[in-house]
Every structure is written in C-alpha cells, then in structure tokens.
There are 2 protein chains.
Amino acid sequence: MGLPLLANKKQSADKHQKIIEAAIAVFAGNGFFNSTVADVAREADVADGTIYLYFKNKDDLLISIFEYSMDLFIQEAEAALKSSSDPKEKLREFISLHLKLVQKYPDLAQVIQIELRQSTKFMKEYPNEKFFQYLDIVSGIIGDGQESGVFKKNLDPVILKRVIFGAVDEIALEWTLMKRKRYTMAEAADQVCGMIFEGICQ
Amino acid sequence: MGLPLLANKKQSADKHQKIIEAAIAVFAGNGFFNSTVADVAREADVADGTIYLYFKNKDDLLISIFEYSMDLFIQEAEAALKSSSDPKEKLREFISLHLKLVQKYPDLAQVIQIELRQSTKFMKEYPNEKFFQYLDIVSGIIGDGQESGVFKKNLDPVILKRVIFGAVDEIALEWTLMKRKRYTMAEAADQVCGMIFEGICQ
DNA sequence: AACGGGAATGAATGTCCGTTCATTTTCAGG
DNA sequence: CCTGAAAATGAACGGACATTCATTCCCGTT
C-alpha cells in the first residue's frame, strides 16, 4: 500500500498545517469573531471551501488550534523537564519555558490566552483536557517537591498550581499585549521565581 | 429647576442601569458575540431600539459594563483599604476583597474576566484606564511596603503587581467556571496570601 | 491518451442580527 | 382635558458571513 503519509486522512498534512497556521495568524490579529473564514482562506492561500475539507466548521478550527498548541507546549515542557530532577529547578524551568514559548509563538499565545478564553462555549462546555494536562505538569512538580520536603506541605496543590499558572500567564499576557516592552522575559522569569520561592516579605 | 436626578441625560437612570444589568446577565450566560441585542432587550424588558437611546451600539454596551464594574471594584477596594495602614494587611485585604467581589457578582466577574479579554478590539485599542487604575492599587501597596521595609526592595513593582493580580484572577476565574467548588474563597485567599508573603519553599 | 475519482474551487445561498426610523405612547404644563 | 415634545417601540432593512455544492482541476493508472 504505497499510500502517502497520514493516509487515514485523504488530504495532505501540509495543507492542514498551513490552514492552522493561517488561522493562528488571522485570529491573533483580529480576534476569532471578527475574523471570517474567508480571511483564513486567503491567508492560507486556499479556497474558502477547502477549509471545510479539513475542519468541521469555524469553531472546530479554533479548537484544533488549541489542541495543536497545547500539544506543542506539553511536548516542549516534558522535554525540558527531563534535564533536572530537583523540583525547584524543574519549576523554574517550567516557568521560564512557558514565558519563552510565549515569546517564540506570540500569535499562538494570543489565541490561547485571549481568544479561547472568550467564548463560554469553549471554556464551559469544551472539556479542555489538554489544558488540564498542561496544568498537571505543575501540580506534579509541586507534589514531588512537597514529598521531598523542598516545598511547604501545608499548601494545597490544587490552588497552588492555579496561582503559579495565573501569575505566569498574566505576565505572558501583558507581554503579548504590550507594544513597548518594559522588561525582558528572562527578567520576568527571575522575578516570578524569586517571588514564588521566597515570597515578597523581607 | 425642578429637574429629576441626572437631568443631563434625558432618560431615566433606572433604565440605563436596568439595561446594564440585563446585559451583564446575558453576556455572562452566552458570551458577548453569541448574544444578540434583542436578547439583552428582552432580558431588560425593553424594546430593541431603546438600547440605542442609552448606548451608542453593542460594543459601547460592553465597554459600559466594564467601566461600571471597574468603578464598583475600585470604590469597594478604596473603602476596604482605609481600615488598615500596614501594607501586608492591606494586600491581604485587597486579595480577599477581590475574591469576595467575584463571589458576590459572578456574572459581572465572568464578563470582565472572559468576555472583555477576548476581543482584540478592547484589549488592544481600548485605553483601559480603569483597569490600570485598579492595578495601581496593588502597585501602591507594594510601593508603600517596600518603602517601609516590609517587602523586599529588589522586586520590580511593575512585574509584581501583575504577578499578584494574575494569581488572584486565575483563582477567581477557576472559581467562576467551576461548577462543583473544591474550596472556599476564604481558603483560597489564605493560601494565596501565604504563598505571596512567604513563598512556597520550606 | 483517455479515464476516473479524489481534491480543490469559489460563486451562490440562506440566515442571522445590528441598527434605523416611522409610528405610538407617555406625561408634564397650561 | 388638550397639546406637544420626549421617550419608547418593534417591524423592516441591509449587510455580513458561515456553509454548501455544482463544477473544475489534478494526477495516477491502464
């Protein structure tokens, strides 16, 4: 069976990817609801109808972007965390990586942070497993750290993972939206880690 | 001049308020873009056209909600922060208040957190002074604390205020979207304060 | 070179909804 | 009670846009 790669889909994986990338750029630039399918098609250099050969509808396109990018983030995170076994170093690595990724893929970051959050449809009804999987990387690190006595045991990991993610994500969001950057991501990562590890009190 | 209250507007302030409240409920339930002006009108028990006597257009309605609620938050925050002069207590008060307000006005919180964030139009082009004003309450507290030696001086307030806001807001967001609550807001406030003040390391 | 079928196209369709505005209702002052 | 102006109404308009589908293109096979 001399079938092309990814033969379970009839179409080329290239075009699928091309449309996803176009959609990321377009949605990041104009917002999901203010972008038309025709905009995405034009950016992808493809006919309007072609989009529907690869995606069920406009919503499906957004969800696909989300899954695509979360896979990317999870994959990069898991790779980066292999290098160290110290929970504190791991957490530092995670924070730093998240910020770096946002910097590396600003359009992607914007879609994730702003566009996806928007619609009740997605946040409330879409199961969102991939996001939880990403968050669980953090709670895993916290759990390890508590077990090994590096982190305080009285902290609730369920709350803590959110606090950490929220802090990092807000920094990332500001970075994404800020035109003139007032600080580098590396600085920000240091500040955030310092604060999370040692607190703000003298 | 025996004019009614708020005579510079011809219409009743009541109806203005009624429409805002209806819009908050509708937008929170369905999302801004998935809600129609007719939905808001029905909820407010008013004709479609009446909305346009009080608001320029649909976008203006969303912005009005934002300003209305930020005013509310700022006002409540400033009142609550009068009671204490210790920066640490003030910060604890702020965090606790923000979480309480989210609990008290869940629809409002949802519109602010989810709907407003969404549109590039609002986040990028709308000046958003009220939000910065709210954030500056935090940086004010931080500045005081650093001056009086309670907080570490090497922390950048610009980053720090975002970190704190992001942490608190993410907790609030999870609370808003979570159906089964796994923790109370009071617990969350304690955890967040503990973490921010003392850090997570043993 | 003719065939066939999957992929791609993009014009056409139908719906939806923000906004308008001609008309009606309300009500204060005379 | 009139009267007139402000306020409210909601049917109708018009433009936008997601989605469809009849047609064309592409290319491997014979």
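To find a chain, count down the sequence lines: A is the first, B the second, and so on, and within it residues start at 1.
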If you only use heavy atoms from C-beta on, which nucleotide in [options] is closest to the side chain of [X]?
X: B/Thr50; options: C/dA8, D/dT9, C/dT9; result: D/dT9
X: A/Thr36; options: C/dG10, D/dA18, C/dT19; result: D/dA18
X: A/Tyr52; options: D/dA8, C/dT20, D/dA18; result: D/dA18

Check your understanding: Taking OP1 and OP2 of D/dT19, is either one under 4.0 Å from a side-chain nitrogen or oxygen of A/Lys58?
Key -> no
Practice item. Compare side-chain N and O positions of A/Lys15 against OP1 and OP2 of C/dA7 and report whether any pair is under 4.0 Å apart. Key: no
How close or far is atom [atom2] of [N] from atom [atom1] of [X], stated in whole angstroms?
X: B/Phe55; N: C/dT20; atom1: CZ; atom2: P; answer: 16 Å
X: A/Tyr54; N: D/dT19; atom1: OH; atom2: C1'; answer: 18 Å
X: A/Phe32; N: D/dC17; atom1: CZ; atom2: P; answer: 13 Å
X: A/Leu53; N: D/dT23; atom1: CG; atom2: C1'; answer: 14 Å
X: A/Asp48; N: C/dA8; atom1: CG; atom2: P; answer: 14 Å
X: A/Ile51; N: C/dT9; atom1: CD1; atom2: P; answer: 10 Å
X: B/Arg42; N: C/dG18; atom1: CZ; atom2: P; answer: 12 Å
X: A/Lys18; N: C/dA7; atom1: NZ; atom2: P; answer: 16 Å

Practice item. Look at A/Lys181 together with A/Glu187 and state whether they make a salt bridge at an N to O cut-off of under 4.0 Å. Key: no
**Study point:** Pair B/Arg92 + B/Glu89, salt bridge at N-O below 4.0 Å
**Key:** yes
Check your understanding: Do B/Glu93 and B/Ser83 get their side chains close enough for a donor-acceptor pair, meaning under 3.5 Å?
Key -> no
Review point. Using the benzene-type ring in the case of Trp, are the ring centres of B/Phe94 and B/Tyr134 under 6.0 Å apart?
Key: yes
